[in-house]
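Structure record follows, encoded as structure tokens.
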Amino acid sequence: MMISPQSYVEEFRHEPFDKLIAERGRLYKELKALEKEAFDSEKKSDAWLKSPSVDVRYQMALEYMAALCEYISEKYRAEIVWGETLED
């Protein structure tokens, strides 16, 4: 089951930067793998038979990446640039 991008980011709300960067890297690798299947016009991969389908997983991974990067940016600005802690 897929969760919303906001719920996804909530899972990382109290994690340090190294965990956020590691998750961003994991998502990047996932996107690269999904792109090989998603952009195959013949849809030969068995991944298209899974649920949710490749196109849904690709779109959700993109949304997760966008939400995570936005959070990393907010956290960086608050904690590194301004020396504050992000409040929930």
Q: Applying side-chain hydrogen bond (donor to acceptor under 3.5 Å, both in side chains), name anything that partners Arg26, two or more places apart in sequence or on another chain.
A: Glu23, Glu30
**Q.** From CD1 (Ile3) to CD (Glu63), nearest 0.5 Å
**A.** 12.0 Å
Q: Would you check if the side chain of Glu70 reaches a backbone N or O of Ala66 as a donor-acceptor pair within less than 3.5 Å?
A: no
Q.
I'd like to know if Glu10 and Arg13 make a salt bridge, using a cut-off of under 4.0 Å between side-chain N and carboxylate O.
A. yes
(Q) Main chain of Cys69, side chain of Arg24: is a donor-acceptor contact present, judged purely on distance under 3.5 Å? (A) no
Q.
Can you tell me how far apart CD (Glu79) and CZ (Phe17) are? Round to the nearest 0.5 Å.
A. 5.0 Å
**Q.** Value rounded to 0.5 Å, distance of CE in Met65 from CD1 in Ile72
**A.** 8.5 Å
Q: Rounded to the nearest 0.5 Å, what's the gap from CE on Met2 to OG on Ser7? Could you check?
A: 13.5 Å
Q.
Quick check: closest heavy atoms across Leu27 and Leu68, and the distance to 0.1 Å?
A. CD1-CD2, 4.0 Å
**Q.** Min side-chain heavy-atom separation Leu20-Tyr76 under 4.5 Å
**A.** no
Q: Drop me the distance from Tyr64's OH to Gln6's CD, to the nearest 0.5 angstrom.
A: 10.0 Å
Q) Under 6.0 Å between ring centres, would you say that holds for Phe39 and Tyr58? A) yes
